[in-house]
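Take a look at the structure set out below.
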Amino acid sequence: EGAPVLRVDRARLFLDSFDVAERQLGLSAVLTGLEVDAARRGAYGELAIATAFGPPRRAPRAPPPGKDGPREEARPARRGWTLDVTRLDVADARVLAQLPGVAPVDAVGLGLTARGRWAPSDAWLELRAEGRLAAPAEAPLSLELRAVRDGPRVALERLVAGLGRDRLEA
């Protein structure tokens with residue numbers, strides 16, 4: 001929608017496409033100088049960062065003459081793709097969430113390491129991040145999590161969040 005929501009100073013991507021015939025890709029990435037606007041909203045109220053990576057919005061099709069609703073078309077079943085992220089490293093990142101009338105939340109100097117897998121019927125993610133909260137107060141922050149998806153079921157297996165001297169574990 002014309003306003004940047006994500007900026008990266010430097011990106012190094014490594015793609016493993018040896019299993020592309022099996023609809024499986026491997027990816028490693030190193031990103032430096034990442035900036036994210038985490039609060040910007042789109043025209044429909046959705047998070048702009050989510051729509052930046054989503055499919056484009058399309059206007060709904062009008063029903064054919066003499067029909068009351070959209071026509072259902074049989075589509076062949078397709079097997080989805082699997083993406084294995086063997087390593088994602090982010091250095092010197094900043095995440096800003098600024099809404100009108102509310103003090104901004106600004107996290108700076110963030111470092112993140114993650115790995116995971118996204119497949120048609122299952123997924124998992126392990127993530128560790130550290131940095132510093134610059135606003136609304138100054139304090140070190142950290143996050144560690146592990147989440148899994150099995151079909152429609154999503155489970156958060158581990159969560160450790162720290163801000164200053166406070167720590168939450170679940």
Side-chain angles (χ1 to χ4, degrees), residues 4-42 44-58 75-97 99 105-134 139-170:
V5 294
L6 177 70
R7 184 183 67 77
V8 178
D9 288 340
R10 183 171 183 206
R12 292 184 333 177
L13 302 174
F14 307 94
L15 184 64
D16 175 359
S17 60
F18 288 112
D19 291 326
V20 73
E22 299 296 321
R23 300 176 70 93
Q24 184 167 341
L25 295 173
L27 174 72
S28 293
V30 178
L31 309 175
T32 307
L34 179 85
E35 286 192 21
V36 178
D37 184 342
R40 184 177 301 277
R41 299 285 178 165
Y44 300 100
E46 71 282 2
L47 284 174
I49 189 73
T51 59
F53 293 100
R57 287 192 173 269
R58 294 192 176 130
R75 293 185 183 179
R78 286 190 346 176
R79 194 176 123 227
W81 284 79
T82 297
L83 177 64
D84 285 310
V85 178
T86 54
R87 187 163 183 106
L88 171 63
D89 288 320
V90 177
D92 193 28
R94 177 182 186 205
V95 177
L96 176 65
L99 295 169
V105 175
D106 192 7
V108 297
L110 295 172
L112 176 138
T113 300
R115 63 189 188 121
R117 174 185 182 97
W118 183 268
S121 61
D122 67 309
W124 62 270
L125 169 70
E126 292 177 347
L127 178 140
R128 184 174 295 205
E130 293 183 344
R132 185 173 58 84
L133 186 65
L141 62 87
S142 63
L143 177 67
E144 181 181 329
L145 69 84
R146 176 169 170 77
V148 296
R149 176 178 62 89
D150 184 13
R153 185 181 149 271
V154 177
L156 183 60
E157 293 183 343
R158 177 162 174 77
L159 172 65
V160 179
L163 180 61
R165 289 191 220 156
D166 295 325
R167 183 176 161 119
L168 169 73
E169 289 192 47

Any side-chain heavy-atom pair from Leu83 and Leu27 closer than 4.5 angstrom? yes
Within the side chain of Asp37, is there an N or O that forms a donor-acceptor pair under 3.5 Å with the backbone of Ala39? yes
Apply side-chain contact (heavy atoms from CB on, under 4.5 Å) to the pair Trp81 and Val20, showing each step before the final yes or no. CA-CA 9 Å; Trp81 284 79; Val20 73; 3.6 Å; yes
Thr86 OG1 to Asp16 CG distance, which is reported to the nearest 0.5 Å: 8.0 Å
Please evaluate residues Arg94 and Asp106 with respect to the criterion side-chain contact (heavy atoms from CB on, under 4.5 Å), reporting the C-alpha separation (whole Å), side-chain torsions for both, the decisive distance (0.1 Å), and the verdict. CA-CA 7 Å; Arg94 177 182 186 205; Asp106 192 7; 2.9 Å; yes
For the residue pair Thr82 and Pro120, what are the closest heavy atoms and their distance? OG1-CD, 3.7 Å
Please name the pair of heavy atoms, one in Leu13 and one in Ala29, separated by the smallest distance, quoted to 0.1 Å. CD2-CB, 3.4 Å
Arg128 CZ: over 12 foreign heavy atoms closer than 6.0 Å: no
Considering all heavy atoms of both residues, which atom of Ala38 and which atom of Ala97 are nearest to each other, and what is their separation? CB-CB, 4.3 Å
Counting only heavy atoms from other residues, nucleotides and ligands, does the tally under 6.0 Å from CZ of Arg158 exceed 12? yes
Hey, could you give me the CG/CD distance between Leu110 and Glu130, rounded to the nearest 0.5 Å? 10.0 Å
Rounded to the nearest 0.5 Å, what separates atom CZ in Arg12 from atom CG in Asp89? 9.0 Å
Let me see the working for Leu6 and Val36 under side-chain contact (heavy atoms from CB on, under 4.5 Å), right down to the final yes or no. CA-CA 5 Å; Leu6 177 70; Val36 178; 3.6 Å; yes
Is any side-chain heavy atom of Val95 closer than 4.5 Å to a side-chain heavy atom of Leu34? no
Side-chain donor or acceptor of Arg132 paired with backbone N/O of Ala139 under 3.5 Å: no
Between Ala161 and Leu143, what is the shortest heavy-atom contact and its length? CB-CD1, 4.2 Å
Decide yes or no for Leu88 and Leu31: does some side-chain heavy atom of the first lie under 4.5 Å from some side-chain heavy atom of the second? yes
Separation of Glu126 CD from Thr113 OG1 (nearest 0.5 Å): 11.5 Å
Once rounded to the nearest 0.5 Å, what's the spacing between atom OG of Ser142 and atom CG of Leu163? 8.5 Å
List the steps, then state whether side-chain contact (heavy atoms from CB on, under 4.5 Å) holds for Leu145 with Leu156. CA-CA 8 Å; Leu145 69 84; Leu156 183 60; 4.3 Å; yes
Give a yes or no on whether the backbone of Trp124 and the side-chain of Arg146 come within a donor-acceptor separation of less than 3.5 Å. no
Which distance, rounded to the nearest 0.5 Å, do you find between the CD of Gln24 and the CZ of Arg117? 5.0 Å
Arg87 atom CZ: more than 12 heavy-atom contacts under 6.0 Å: no
